[in-house]
Amino acid sequence: MLAALTLVTGLAALALAAWCGFAAYRDQPTKDWHFIGMAVVSVLALAQLVVGIVQLARGEKPEQGTTIFVAYLIGAFACVPAAGFMSLTERTRWGSVTVAAGGVVLAVLEVRLYDIWGG
């Protein structure tokens, strides 16, 4: 697993969480700029998913098991898009809170992915 990609994805997720948390604090729903931020974080998570699958295909194995690693990879990839979709249905400050929570969850998943791989 690429430690640098994991770190960048986790930090981007935390930045998105802080940004949307600030919007929620200001009583604002998610706006177009927030969705662009979600897209950037989702592309990073997609890159991590691809890298993880390629490494598994090359024969490298995570320390704590392939099944749990793949499950966390898929969960990390789906986390922010799911939060973004839910924020579309809730066009109040709580939509921003949902995306902020999704960013925090993704950051925690990144730490766990690093741990599962053997970091």
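Every heavy atom of this structure was used, including side-chain atoms; hydrogens, water molecules and symmetry mates were not.
- Connection of Val80 to Leu109 is not established within any shared hydrophobic cluster, with ILVMFWY side chains joined at heavy-atom distances below 4.5 Å, either directly or through further cluster members.
- Cluster membership check: Phe77 shares its hydrophobic cluster with Phe69, using side-chain heavy-atom separations under 4.5 Å among Ile, Leu, Val, Met, Phe, Trp and Tyr.
- Shown here for Ala107 and Ala13, the closest heavy-atom pair between the two residues is N-CB, 4.1 Å.
- Scanning both residues, Gly37 and Leu16, for their nearest heavy atoms gives C-CD1, 4.1 Å.
- The two residues Thr6 and Gln48 make their nearest non-hydrogen contact at OG1-NE2, 3.0 Å.
- Applying the side-chain hydrogen bond (donor to acceptor under 3.5 Å, both in side chains) test to Arg91 and every residue at least two apart in sequence or in another chain returns Thr30.
- A donor-acceptor distance shorter than 3.5 angstrom exists from the side chain of Thr89 to the backbone of Met86, with no hydrogens or angles considered.
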Begin with the C-alpha distance, continue with both residues' side-chain angles, and end with the deciding distance and a verdict on side chain to side chain contact (heavy atoms under 4.5 Å, CB included) for Glu90 and Val97.
CA-CA 10 Å; Glu90 183 61 47; Val97 170; over 6 Å; no

Assess the residue pair Val50 and Ile53 against the criterion (side chain to side chain contact (heavy atoms under 4.5 Å, CB included)); give the C-alpha distance rounded to whole Å, side-chain angles, the decisive distance to 0.1 Å, and a yes or no.
CA-CA 5 Å; Val50 169; Ile53 290 173; 6.0 Å; no

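- Leu5 and Val40 end up in different hydrophobic clusters when Ile, Leu, Val, Met, Phe, Trp and Tyr side chains are linked at under 4.5 Å.
- The two residues Ala76 and Leu106 make their nearest non-hydrogen contact at O-CD1, 3.3 Å.
- If you take NZ on Lys31 and CD1 on Ile36, they are separated by 13.5 Å, rounding to the nearest 0.5 Å.
- In terms of hydrophobic clustering, with Ile, Leu, Val, Met, Phe, Trp and Tyr side chains grouped at heavy-atom distances under 4.5 Å, Tyr72 and Val108 are assigned to different clusters.
- The shortest non-hydrogen separation linking Ala12 to Val41 is O-CG2, 3.7 Å.
- Applying the side chain to side chain contact (heavy atoms under 4.5 Å, CB included) rule to Thr66 yields the partners Leu56, Lys61, Pro62, Val70; only residues at least two apart in sequence or on another chain are considered.
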Candidate pair Leu88 and Phe35, rule side chain to side chain contact (heavy atoms under 4.5 Å, CB included), full reasoning
CA-CA 10 Å; Leu88 283 174; Phe35 286 99; 3.5 Å; yes

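- Atoms OH and OG1, on Tyr114 and Thr9 in that order, are 14.0 Å from each other to the nearest 0.5 Å.
- Using a 4.5 Å heavy-atom cutoff, the side chains of Arg112 and Ile68 are in contact.
- Looking at Leu46 and Leu49, their side chains come closer than 4.5 Å, going by heavy atoms from C-beta outward.
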Please set out all donor-acceptor pairs under 3.5 angstrom arising from side-chain atoms of residues 17-29, sequence neighbours excluded.
none

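- Looking only at side-chain heavy atoms (C-beta outward), Val99 and Met38 come within less than 4.5 Å of each other.
- Both Val8 and Leu2 are part of a single hydrophobic cluster, where members link through side-chain heavy atoms under 4.5 Å apart.
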